[in-house]
2 protein chains.
Amino acid sequence: MKKIITISRAFGSGGHTIGREVAKRLNIPCYDKELVDKVAEESGFHADFIEEAGEYAPVTNSFLFNIAVSPNPMAMMNTMSMADQLFVCQTNVIRRLADEGPCVIIGRCADYILKDREDCLHVFIHADMAHRAERIVRLYGETRQSPEKRLTDKDNKRRVYYKHYTNRNWGEAQNYHVCLNSGLVGVEKCADIIVDIAKMYE
Amino acid sequence: MKKIITISRAFGSGGHTIGREVAKRLNIPCYDKELVDKVAEESGFHADFIEEAGEYAPVTNSFLFNIAVSPNPMAMMNTMSMADQLFVCQTNVIRRLADEGPCVIIGRCADYILKDREDCLHVFIHADMAHRAERIVRLYGETRQSPEKRLTDKDNKRRVYYKHYTNRNWGEAQNYHVCLNSGLVGVEKCADIIVDIAKMYE
């Protein structure tokens, strides 16, 4: 079985719901907010900061460039931005969770962090703007911003965050094994497909 | 049922094979080389030229810009490059085939050309470099270029062609309903998934 399933997703497309459903059907843990909490414990950062900073990439030199050129990566930690330090903590937590056993991991560039493992299934969930706008208003309520603006802002932040930490393009099909438009395919069918593929390897 | 299935694909990832299998299972026509032949008949271009030019975007101003600003698009045809004229022919053929009834259409920016139809399922097939390299040598034999170089060149040409005619990024998940890594998922399972989703709408 593909033991580790990473779910990357556009805000409002149901990635979290799909991830939870997949985890339930495979009887494995699903790490989302739980991941945040674990990182909080490990790093001493407050959970709310992690939730927030987990979406913003620092406006600094490339994270990967800094790591690559540093003669002493451990000493680098002292000069990294807090957001970058947080990312290093998240990376360690994600790797450890993957080593512990089968699980679903939502977001956090987990597809990139675990890219060299053979036992992962990397999934990207998205949907068109109208579907996502209806969904976020229904689930999270109205805000001063229009839902379309909220979605565009969130997408841009995730794109920048992903690029900063992975040097890859968020949402590019070749980064994932399966990409699904949940508006067309539906949350249940997305979970069916993911579970089906994961189990192919039993 | 989603009547029209467009298959966009990275060279060597089995998009053609998957498209044919899907068409067989749904008992509908599959247009690939047949599409080329239809375009040849319509346009007076020789089939070999179409096969070749179908991959190269002209090094000219944006096709879409030219169409958009022309006061007389029909007159524009006389000043377009041959490749652009060919694209207009292909567009007309693809639209007509979609109007005629359920079918699978492989390549040719069909996902973009038919983007405003509600009855389409747009699929993108890809696989990692090693899988595709092995496959193209097995299916098409060795050439002077390394398989990796052939694949990279083909990918780049398709990327440029797609960008030129659609102003979208080839392989970006949000352009398609389903993207599948055929190396991991397998050709049979890819066909299963596509047929399954297409039939959801019966």
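Excluded from the calculations below are hydrogen atoms, water molecules and symmetry mates; all remaining heavy atoms, backbone and side chain alike, are included. Here is how names work: the chains are called A, B, and so on, in the same order as the sequence lines, proteins then strands, and each is numbered from 1.
For a residue to count as touching a neighbouring chain, one of its non-hydrogen atoms must lie under 4.5 Å from one of that chain's; by this rule A/Leu184 touches chain B with backbone and side chain alike.
Side-chain contact between A/Tyr176 and B/His126 is absent, with no heavy-atom pair separated by less than 4.5 Å. In this structure the side chain of A/Glu172 never reaches within 4.5 angstrom of the side chain of B/Trp170, judged on heavy atoms. In this structure, B/Ile193 and A/Ile197 have side chains that are in contact, with non-hydrogen atoms separated by less than 4.5 Å. For the pair B/Val178 and A/Asn181, the minimum side-chain heavy-atom distance is 4.5 Å or more. In this structure, the side chains of B/Asp196 and A/Lys189 come closer than 4.5 Å at one or more pairs of heavy atoms.
In A/Glu100, the CD atom is crowded: over 12 heavy atoms of neighbouring residues, nucleotides or ligands sit closer than 6.0 Å. Shown here is B/Asp99, whose CG atom has more than 12 heavy atoms of other residues, nucleotides or ligands within 6.0 Å.
The minimum heavy-atom distance linking B/Val185 with A/Met200 is given by the pair O-CE, 3.2 Å.
Between the NE2 atom of B/His177 and the SG atom of A/Cys179 there is a distance of 13.0 Å, given to the nearest 0.5 Å.
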